[in-house]
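Below is one structure, written out as structure tokens, with a few remarks after it.
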Amino acid sequence: MSRWQELTGGTSGAEYAARFEALGRSGKDMHGEASLCAALVPAGSRVLDAGCGTGRVMIRLSELGYDCVGFDLDASMLDVAREQAPQLPWFQTDATEFDAALLGIEADFDLVIAAGNVLALLAPGTEATVVSRLAAALRPGGLLVAGFGLDAAHLPVPPSLTLQEYDAHCAAAGLTLVDRFATWDAAAYDRGGYAVSVHRLGS
């Protein structure tokens with residue numbers, strides 16, 4: 001069981017969506033993740049939203065002209081995503097078992113995004129497997145973009161994945177670090193408690 005499932009019981013979709021809707025009404029920019037992706041690959045690119053949740057990021061990218069696919073294990077989150085954008089492809093699957101071919105989709109994504117602490121809330125010990133499966137969904141030269149907390153101030157659970165460990169998992173999957181930011185608005189990484197990492201799959 002993932003740390004996310006332990007935290008929520010897989011029933012928090014509506015509450016999660018309501019929280020972000022409230023933040024949006026307060027004037028907070030809710031599209032930093034999508035904006036960074038749009039700065040990295042051109043419109044029309046294929047994007048896989050790994051751990052897509054309620055679809056906030058993927059729906060925005062679709063509006064910007066990206067060809068998107070999303071998956072998540074949490075059915076309550078996917079219920080919200082499907083209600084908001086029934087025309088988009090949403091899949092329910094565990095990240096540790098993700099296989100594009102089994103879902104009938106091409107494994108040639110230009111970019112895979114894992115936002116919302118997806119990697120930090122996996123079941124401990126499965127991180128390398130998940131990184132490998134996400135890398136396998138990329139075309140040569142494609143990008144894996146992941147943001148997650150590194151300390152207690154940025155996570156609802158004790159930290160379990162360091163940047164050094166994450167980089168090692170990426171290297172084992174054929175990915176090379178090309179950039180790292182402190183936030184989704186591309187602020188320079190300051191060795192703080194949150195990082196957004198961009199890795200490229202070797203051609």
Side-chain angles (χ1 to χ4, degrees), residues 4 8 12-93 95 98 100 103 105-121 130 134 137-139 141-149 154-156 178-187 189 194-200:
W4 172 259
T8 68
S12 64
E15 177 185 346
Y16 187 89
R19 178 158 58 91
F20 276 94
E21 288 172 4
L23 286 171
R25 288 194 298 272
S26 73
K28 183 176 177 61
D29 177 18
M30 304 308 300
H31 300 302
E33 301 97 329
S35 296
L36 180 58
C37 290
L40 294 171
V41 293
S45 298
R46 295 193 73 225
V47 176
L48 175 65
D49 190 349
C52 61
T54 59
R56 176 178 55 85
V57 176
M58 179 167 142
I59 291 170
R60 178 59 176 166
L61 284 169
S62 179
E63 292 171 348
L64 294 174
Y66 291 83
D67 180 8
C68 300
V69 174
F71 78 85
D72 204 290
L73 182 59
D74 190 326
S76 71
M77 303 285 258
L78 289 172
D79 285 344
V80 176
R82 288 171 176 145
E83 181 179 351
Q84 293 183 339
Q87 77 281 7
L88 296 179
W90 310 100
F91 293 93
Q92 184 177 7
T93 188
F98 177 77
L103 299 178
I105 55 179
E106 294 293 325
D108 64 349
F109 289 93
D110 299 290
L111 184 147
V112 174
I113 179 171
N117 282 321
V118 168
L119 291 168
L121 295 177
V130 171
L134 297 182
L138 287 166
R139 64 164 180 79
L143 301 174
L144 172 61
V145 184
F148 55 90
H154 294 86
L155 287 169
V178 295
D179 223 329
R180 178 161 282 147
F181 307 110
T183 62
W184 287 99
D185 61 4
Y189 182 60
Y194 191 87
V196 179
S197 304
V198 182
H199 287 78
R200 185 182 305 278

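Start at 1 with the first residue, then count along the sequence.
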Could you tell me whether a side-chain N or O of Arg139 sits under 3.5 Å from a main-chain N or O of Arg46, the two making a donor and an acceptor?
no
Residues which pass side-chain contact (heavy atoms from CB on, under 4.5 Å) with Cys52, listed by chain and number, not counting sequence neighbours:
Asp49, Asp72, Leu78, Trp90
Sequence neighbours excluded, which residues qualify as side-chain contact (heavy atoms from CB on, under 4.5 Å) partners of Ala95?
Phe71, Leu122, Val130
Under the side chain to side chain donor-acceptor pair (under 3.5 Å) rule, collect the residues that match up with Asp67, sequence neighbours excluded.
none
Listed partners of Asp179 passing salt bridge (Lys or Arg N to Asp or Glu O under 4.0 Å), at least two apart:
none
Least distance between heavy atoms, Gly149 atom then Ala120 atom:
O-CB, 4.2 Å
Leu61 versus Cys37: any side-chain heavy-atom pair under 4.5 Å?
yes
With sequence neighbours left out, write down each residue that passes side chain to side chain donor-acceptor pair (under 3.5 Å) with Tyr66, or none if nothing qualifies.
none
Please enumerate all residues that pass side chain to side chain donor-acceptor pair (under 3.5 Å) together with Asn117, with sequence neighbours excluded.
none
With sequence neighbours left out, what residues match Arg60 under side-chain contact (heavy atoms from CB on, under 4.5 Å)?
His31, Ala34, Glu63, Leu64
Hey, does Val57 have a side-chain heavy atom less than 4.5 Å from the side chain of Cys68?
no
For Val196, the side-chain contact (heavy atoms from CB on, under 4.5 Å) test, sequence neighbours excluded, returns Leu36, Val145, Phe181, Trp184, Tyr194
Quick one: ring pair (Phe, Tyr, Trp, His ring centres under 6.0 Å) partners of Phe109, sequence neighbours excluded?
none
Any heavy-atom pair between the side chains of Glu33 and Met58 that's under 4.5 Å?
no
Residue pairs passing the salt bridge (charged side-chain N to carboxylate O under 4.0 Å, His left out) test where at least one lies in residues 76-90, sequence neighbours excluded
none
For Ser76 and Asp74, work out which heavy atoms get closest and say how close.
OG-OD1, 2.6 Å
Taking only residues two or more places apart in sequence or in another chain, which ones pass side chain to side chain donor-acceptor pair (under 3.5 Å) with Arg200?
none
For a side chain to side chain contact (heavy atoms under 4.5 Å, CB included) with Ile113, tell me which candidate from Leu143, Leu134, Val47, Val118 qualifies.
Val47
